[in-house]
Amino acid sequence: MSESELRPRVFVAGLIQLGDIVLTTTPERVSQTIRKVTSADISHAMICVGRSSVIDSTGDGVHARNLERIILEPGCAGHVLRPVEPLTTDQLRSVISFARATVGTRYTMTGAAKSVLAGFVAGRRQFCSRLVAQAYRDAGVNLVSDADFCHPGELLKSGALVEVPNVLRNLSPDEEADWRVDIDNVQAMRDSTNALLLEARKLCSEIESLNDIDAYLVEHPEGDAHFVQALRSSRYLELWQEEFERNSWQYHVALMEGHDGSAERKHKYCEELLADEKLCQNRFVLNHAGYVTANTLHPRQYFALKVELYDLLTQFHARRVKAATAWLERRGLLEPAPPKFLRPHTPEWFASLREWNPEQAAMAEAAIKAAESADVCSVCADDPARDYVLVSRPAAGPGTLRLCDDCFHTRSVDEPMRLF
């Protein structure tokens, strides 16, 4: 081997896009066995779901990982694959949503072993290449002949994928020393998720993912107290605090200006954050809406706590987007855009409100239907009504309302407003 081939390598995260498939291997014996059986130089597969974030299935289940913290030891291969036919925006969202929905699902060693055989029925548990192939199949893209049983080598040879070149770089000795002692900050989330699911499975062994807890609680309200305790003991509700403290510079432009990181690093961070935001909607908004609906139809303390959590996470994400936007605008790297407000009761207004608060959207629709007019108050259907903008604009949703005088005076006590 040349001197460069003796150095560990990492992926160049800036060259990897959402939906890309990342293939790796390790020097471990299990990996060597997989490579020998499958006649491939790789043994593991992941999906890129965000800025430097991948989701994969390993022995501790399906979880997110930091791509920039993955080190390929000397002699270990790494590839990045991308669909020959670019995914549509809807397909990309489907791939990412599928992967995220499986977080927490247990790993199946048996399923992975059977991936080189045939004639078996797939269960709900996951292994790495199955997760990737099923996510794409869910979006209408077949990467392999059998998405339920396939191995990483089949993905590498798939005619539906093309390899992205030059995605690896060598680590210098100084970088390697820093990276090997750096803490895997995503590990806390993996541990917390597994702890929550471990407690959940004490009530129902069929629970695999976090979504399964929601479905179980709908049918079994008597389990609410158990799941609330599991939520708290796992520290799932507190993880945002550690993230905020670790990366507080990302949440306000003044802190970003004073942060000792390089301008190049900040520029890259801001552009990648805004690019992700433009392509894939903030998942915290969708999670918030889902739990608002669940708690409206099936009131549970567990759902209420999740509503509060995703409300908070949405606000924090909005602060990050605002800070990144301001940092780029100050340097002339982004054209300032005037705030956009949606006129109440338009199709766009309803679409935005449904994504944030389906219950409130349903109430407005019912009011309009009862009055047989869209010009009435969003709350009580009285006429006349005027359009208002919330002065303290929420982190998500349209931020506007159509209100009669009575509803305006009632709501403006807690939510200051101005005329549209």
Side-chain angles (χ1 to χ4, degrees), residues 22 24 26 28 30-31 44-50 52-70 96-113 122-132 134-135 182-217 220 223-246 283-284 287 290-291 300-303 305-306 308-310 312-313:
V22 180
T24 63
T26 72
E28 297 176 3
V30 172
S31 174
H44 190 57
M46 300 167 267
I47 301 177
C48 181
V49 297
S52 302
S53 177
V54 292
I55 287 180
D56 66 356
S57 177
T58 64
D60 62 351
V62 177
H63 291 287
R65 300 183 189 279
N66 187 341
L67 179 63
E68 294 182 334
R69 297 265 68 83
I70 295 174
I96 293 174
S97 295
F98 182 96
R100 284 180 171 154
T102 63
V103 166
T105 302
R106 285 171 286 190
Y107 179 78
T108 169
M109 176 68 76
T110 303
R124 293 189 59 226
R125 297 190 184 186
Q126 282 291 354
F127 54 90
C128 66
S129 44
R130 171 189 284 179
L131 173 62
V132 171
Q134 287 183 342
D182 195 19
I183 297 173
D184 182 357
N185 295 317
V186 188
Q187 184 63 48
M189 174 59 78
R190 293 197 291 269
D191 293 342
S192 177
T193 301
N194 284 342
L196 173 57
L197 286 166
L198 182 64
E199 289 299 313
R201 289 165 187 150
K202 291 179 180 179
L203 285 189
C204 177
S205 62
E206 298 301 312
I207 289 177
E208 287 296 339
S209 68
L210 296 175
N211 288 350
D212 290 345
I213 295 178
D214 304 337
Y216 181 87
L217 263 180
H220 301 276
D224 192 28
H226 179 87
F227 286 116
V228 167
Q229 178 58 35
L231 199 57
R232 288 176 168 148
S233 64
S234 68
R235 300 188 64 251
Y236 193 88
L237 300 174
E238 304 168 20
L239 292 173
W240 65 270
Q241 296 176 351
E242 297 175 4
E243 162 63 21
F244 178 74
E245 292 170 3
R246 186 169 55 247
R283 67 184 184 279
F284 302 135
N287 289 337
Y291 282 111
R300 308 282 189 268
Q301 188 182 2
Y302 178 92
F303 293 156
L305 289 172
K306 284 294 193 76
E308 293 178 7
L309 174 64
Y310 285 113
L312 181 66
L313 293 178

Do Gln187 and Arg190 get their side chains close enough for a donor-acceptor pair, meaning under 3.5 Å? yes
When rounded to the nearest 0.5 angstrom, what distance separates [atom1] in [X] from [atom2] in [Y]?
{"X": "Tyr302", "Y": "Asp214", "atom1": "OH", "atom2": "CG", "value": "5.5 Å"}
{"X": "Asp56", "Y": "Ile70", "atom1": "CG", "atom2": "CD1", "value": "7.0 Å"}
{"X": "Leu239", "Y": "Thr193", "atom1": "CG", "atom2": "OG1", "value": "7.5 Å"}
{"X": "Leu131", "Y": "Ile55", "atom1": "CG", "atom2": "CD1", "value": "7.5 Å"}

Contacts of type side chain to side chain donor-acceptor pair (under 3.5 Å), residue [X], not counting sequence neighbours:
{"X": "Ser52", "answer": "Glu68"}
{"X": "Glu199", "answer": "Lys202"}
{"X": "Tyr236", "answer": "none"}
{"X": "His220", "answer": "Glu222"}

Applying side chain to side chain donor-acceptor pair (under 3.5 Å) between Gln126 and each of Arg106, Glu208, Gln134, report the one that passes. Gln134
When you look at CD of Gln241, are more than 12 heavy atoms from neighbouring residues, nucleotides or ligands closer to it than 6.0 Å? yes
Quick check: does any side chain N or O of [X] sit under 3.5 Å from a backbone N or O of [Y], one acting as donor and the other as acceptor?
{"X": "Ser53", "Y": "Val49", "value": "no"}
{"X": "Arg100", "Y": "Arg283", "value": "no"}
{"X": "Ser209", "Y": "Gly104", "value": "no"}
{"X": "Asp224", "Y": "Arg300", "value": "no"}

Output all residues satisfying salt bridge (Lys or Arg N to Asp or Glu O under 4.0 Å) with Asp212, sequence neighbours left out; order by chain, then residue number. Arg124
Set of salt bridge (Lys or Arg N to Asp or Glu O under 4.0 Å) partners for Arg235, sequence neighbours left out: Glu238, Glu242
Run the side chain to side chain contact (heavy atoms under 4.5 Å, CB included) test against Asn194 and tell me which residues pass, sequence neighbours left out. Asp60, His63
Partners passing side chain to side chain contact (heavy atoms under 4.5 Å, CB included) against Ala200 (at least two apart in sequence or in another chain): Ile207, Ile213, Phe227
